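See below for the structure under consideration.
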Amino acid sequence: MVANDGGHLMQLVTLAPRLPVDEDRLWMTVPTAQTRSLLADERVHWMAPAPTRDWGAVLRNAWDSRAAFKDEEITSVVSTGASLALSVLPIARTHGIPCYYLESATRVHGPSLSGRLLRRVPGVRLYTQHESWSDRHWSYGGSVFDGYEGVGLERAADTVALRRVVVSLGTSESYGFRRLVERLLAVLPAGAEVLWQTGSTDVTGLGIDARPRVPAAELFEAMADADAVVAHAGTGSALAALQAGKFPVLVPRRPEHGEHVDDHQLQIASMLGERGLAATAEVDGVTADLLFAAAATRVRRRGNAAPFALV
């Protein structure tokens, strides 16, 4: 089970019970507070940090992954990306091991760079989480967001209190999102207790008690207890909020502001908004009224999601 930290790992952990694989699993990921928490009871082969589009890291992790294939009786490899998939899956194929690449749910309109490159590796089977762009190369197996629905509470938004708020900006070490922090400081109610999980965002001079990373179990508990969750439109943060039963306010990072490499967060925010699973807004559109409306809505499961079919 191979995935970068952050949303990629969160997706694979969430999809694992729906995959046709047994419980004898070896995970390959990067050591962080999130990954150590999520995989506390699992066997893990820790990899080196794998920043976005760092080709040197891709090669170093490819070299390191060889030990796992030498020491372990691996019979299949499943990955949700990103760069660790480029490191590990080609090595697995040289051993004749079946490989399955599940493109991130953030890729609403087509594959990522990792997906496009892995399409060139013979024998890697490719899957999309969006049926709209499945084709002869990419099979549709289902979505990590299957099985959730948003429901309004039996009270008006103007009667909801915002005493506890969780703000989650993900775990990226390359891109900050200071614009959102500044906007929230302007619109959050005075006296609100806020857990700020800010990743690499520079919060100098803002006067907040920010934490770059929060263990997954602690973050989930805080979200479950919160009146509202505000997050960048990353898959990991969105999934954590949904699993905690919260209707998150998702704000996409913008590449023109140096907040990400492309606009895939805009795509995922739009998709979740259309599914009725999140409130979405650009930074300037985040208002107190939006936060109160989100706090007056919850998310629930409709039952067990269908198995994710691997051919």
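What you see is a predicted model, and the numbers here were worked out from it, not measured in a lab.
Proximity of Q197 to V167: side-chain heavy atoms (C-beta onward) are nowhere separated by under 4.5 Å. By the 4.5 Å heavy-atom criterion applied to side chains, V251 and E282 are not counted as neighbours. At a threshold of 4.5 Å between non-hydrogen side-chain atoms, the residues I208 and V181 count as touching. Side-chain contact between R253 and L169 is present, with at least one heavy-atom pair separated by less than 4.5 Å. The side-chain heavy atoms of T80 and V144, taken from C-beta on, include no pair separated by under 4.5 Å. Put simply, the side chain of F177 reaches to within 4.5 Å of the side chain of V283, judged on heavy atoms. At a threshold of 4.5 Å between non-hydrogen side-chain atoms, the residues P215 and R36 do not count as touching. Looking at heavy atoms from C-beta onward, L15 lies in side-chain contact with L102 at the 4.5 angstrom threshold.
Clustering of Ile, Leu, Val, Met, Phe, Trp and Tyr by side-chain heavy atoms under 4.5 Å joins L266 with none of the others. Membership of the apolar cluster around Y175 extends to V261, as traced through chained side-chain contacts below 4.5 Å between ILVMFWY residues. Grouped by direct or indirect side-chain proximity (heavy atoms under 4.5 Å, Ile/Leu/Val/Met/Phe/Trp/Tyr only), V166 sits with L195, V214, L219, M223, V229. Residue W63 is found outside any hydrophobic cluster, as its side-chain heavy atoms come under 4.5 Å of no other Ile, Leu, Val, Met, Phe, Trp or Tyr.
Linking ILVMFWY side-chain heavy atoms closer than 4.5 Å, directly or via other members, places V165 and L291 in a single hydrophobic cluster. V121 and V78 fall into different hydrophobic clusters, where Ile, Leu, Val, Met, Phe, Trp and Tyr are joined by side-chain heavy atoms under 4.5 Å apart, directly or via other members. A continuous path of Ile, Leu, Val, Met, Phe, Trp and Tyr side chains, each step under 4.5 Å between heavy atoms, connects I268 with L250, placing both in one hydrophobic cluster. A chain of hydrophobic side-chain contacts below 4.5 Å, direct or via other Ile, Leu, Val, Met, Phe, Trp or Tyr residues, connects V77 to M47. Follow the hydrophobic side-chain contacts under 4.5 Å out from Y140 and you never reach Y100; the two are in separate clusters.
Heavy-atom minimum distance, L84 versus N61: CD2-ND2, 3.5 Å. Of all the heavy atoms in A217 and S37, the pair that sits closest is N-OG, 3.0 Å. Closest approach of P122 and R120 over heavy atoms only: CD-O, 3.3 Å. Of all heavy-atom pairs between M28 and A68, the closest is CE-CB, 4.1 Å. Closest heavy-atom contact between V30 and P49: CG1-CA, 3.9 Å. A16 and R25 get closest at one heavy-atom pair: CB-NH1, 4.2 Å.
Residues D262 and R107 are paired through a salt bridge, judged by an N-O separation under 4.0 Å between the basic side chain and the carboxylate. A salt bridge is absent between D227 and K246: the closest approach of a Lys/Arg side-chain nitrogen to an acidic carboxylate oxygen does not fall below 4.0 angstrom. A salt bridge is absent between R275 and E149: the closest approach of a Lys/Arg side-chain nitrogen to an acidic carboxylate oxygen does not fall below 4.0 angstrom. A salt bridge links D5 with R213: the closest approach of a Lys/Arg side-chain nitrogen to an acidic carboxylate oxygen falls below 4.0 angstrom. Residues E218 and R211 are paired through a salt bridge, judged by an N-O separation under 4.0 Å between the basic side chain and the carboxylate.
Under the rule for a side-chain hydrogen bond (donor to acceptor under 3.5 Å, both in side chains), W196 has no partner lying at least two apart in sequence or in another chain. With sequence neighbours excluded, the residues satisfying ring pair (Phe, Tyr, Trp, His ring centres under 6.0 Å) with F69 are H95. For F220, there are no ring pair (Phe, Tyr, Trp, His ring centres under 6.0 Å) partners two or more places apart in sequence or in a different chain. Under the ring pair (Phe, Tyr, Trp, His ring centres under 6.0 Å) criterion, W138 pairs with W133, sequence neighbours left out. R178 meets the side-chain contact (heavy atoms from CB on, under 4.5 Å) test with E182, T201, D202, L206; sequence neighbours excluded.
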Walk me through whether R43 and E72 qualify under salt bridge (Lys or Arg N to Asp or Glu O under 4.0 Å). CA-CA 12 Å; R43 291 197 306 129; E72 303 275 351; 3.0 Å; yes

Could you walk me through whether T32 and T35 pass side-chain contact (heavy atoms from CB on, under 4.5 Å), step by step? CA-CA 5 Å; T32 68; T35 59; 3.2 Å; yes

Tell me, with the steps shown, if V151 and V299 meet side-chain contact (heavy atoms from CB on, under 4.5 Å). CA-CA 6 Å; V151 293; V299 169; over 6 Å; no

Start with the C-alpha gap between S112 and E103, add the side-chain angles, then the distance that decides, and say whether side chain to side chain donor-acceptor pair (under 3.5 Å) holds. CA-CA 7 Å; S112 62; E103 184 59 272; 2.9 Å; yes

Check the pair L26 / E42 against side-chain contact (heavy atoms from CB on, under 4.5 Å), numbers first and verdict last. CA-CA 7 Å; L26 174 70; E42 302 281 347; over 6 Å; no

Do W55 and R60 pass the side-chain contact (heavy atoms from CB on, under 4.5 Å) test, and can you show the C-alpha distance, the side-chain angles, and the key distance before you say yes or no? CA-CA 9 Å; W55 303 111; R60 288 191 294 273; over 6 Å; no

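Using a 3.5 Å distance cut-off with no hydrogens or angles, the side chains of Q129 and Y127 do not pair a donor with an acceptor. Residues D71 and H45 bring no donor and acceptor atom of their side chains to less than 3.5 Å of each other. With no hydrogens or angles considered, no side-chain donor-acceptor pair links Q265 and E259 at under 3.5 Å. For the residue pair S83 / D54, no side-chain donor-acceptor distance below 3.5 Å is found, with atom types taken as modelled.
More than 12 heavy atoms of other residues, nucleotides or ligands sit less than 6.0 Å from atom CD of E256. Around atom CD of E193, no more than 12 heavy atoms belonging to other residues, nucleotides or ligands sit under 6.0 Å away.
Going from atom NE2 of H137 over to atom CZ of R119 covers 3.5 Å, rounded to the nearest 0.5 Å. Taken to the nearest 0.5 Å, the CG atom of L113 stands 9.5 Å off from the CG atom of L118. The distance from atom CD of E131 to atom OG of S134, rounded to the nearest 0.5 Å, is 5.5 Å. From L89, atom CG reaches atom CG of L117 across 12.0 Å, with rounding to the nearest 0.5 Å. One distance of note links CG of L59 with OG of S87; it measures 7.5 Å at 0.5 Å rounding. For the atom pair I74 CD1 and I91 CD1, the distance stands at 11.5 Å (nearest 0.5 Å).
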Please table the atom pairs, donor to acceptor, closer than 3.5 Å between any side-chain atom in residues 183-191 and protein atoms at least two apart or in another chain.
from : atom 1 : to   : atom 2 : distance (Å)
R183 : NE     : V286 : O      : 2.9
R183 : NH2    : D284 : O      : 3.1
R183 : NH2    : V286 : O      : 3.1

Taking only distance into account, with no hydrogens and no angle test, what donor-acceptor pairs under 3.5 Å do side-chain atoms of residues 233-244 form with protein atoms, sequence neighbours excluded?
from : atom 1 : to   : atom 2 : distance (Å)
S237 : OG     : S168 : OG     : 3.1
S237 : OG     : H232 : NE2    : 3.4
Q243 : NE2    : T14  : OG1    : 3.0

Below 3.5 Å, can you tabulate the donor-acceptor pairs from side chains in residues 301-311 to any protein atom, sequence neighbours excluded?
from : atom 1 : to   : atom 2 : distance (Å)
R301 : NH1    : Y148 : OH     : 3.4
R301 : NH2    : Y148 : OH     : 3.0
R302 : NH1    : Y148 : O      : 2.6

